[in-house]
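Below, each value reflects all heavy atoms present in this structure, side chains not excepted, and no hydrogens, waters or symmetry copies.
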Amino acid sequence: MDATTVLAAIEGNIATVGYGLAAIGPAIGLGILFGKVIESTARQPELAGKFQQTMWIGLAFIEILALIGIVTPFIFAAV
């Protein structure tokens, strides 16, 4: 194995670890979001529909962070 092959393997492993670390933020955000929606629904069951509607909007914003984490290496690799 030459140095280029070793460097490519290390770079690939670092990218994998980097995405794993980037996925921690959205995972924590989703846990907080769903926990608060369940708590709110338990406190005011008559507003469950509104809470669920707001939850889906929040879910979309949190998930876009994970998608940005996936797409970012491809964007910077193209430059």
In chain order, what residues pass the side chain to side chain contact (heavy atoms under 4.5 Å, CB included) check against L65, with sequence neighbours excluded? P26

List the residues meeting side chain to side chain contact (heavy atoms under 4.5 Å, CB included) with F61, not counting sequence neighbours, and say none if there are none. I57

Once side chain to side chain contact (heavy atoms under 4.5 Å, CB included) is applied, do any residues pair with E39, and if so which ones, sequence neighbours excluded? K36, R43

Sorted by first residue and then second, give each salt bridge (Lys or Arg N to Asp or Glu O under 4.0 Å) pair with at least one member in residues 44-67; sequence neighbours left out. none

I62: hydrophobic cluster co-members (side-chain, 4.5 Å): L30, L33, F34, V37, L47, F51, M55, W56, L59

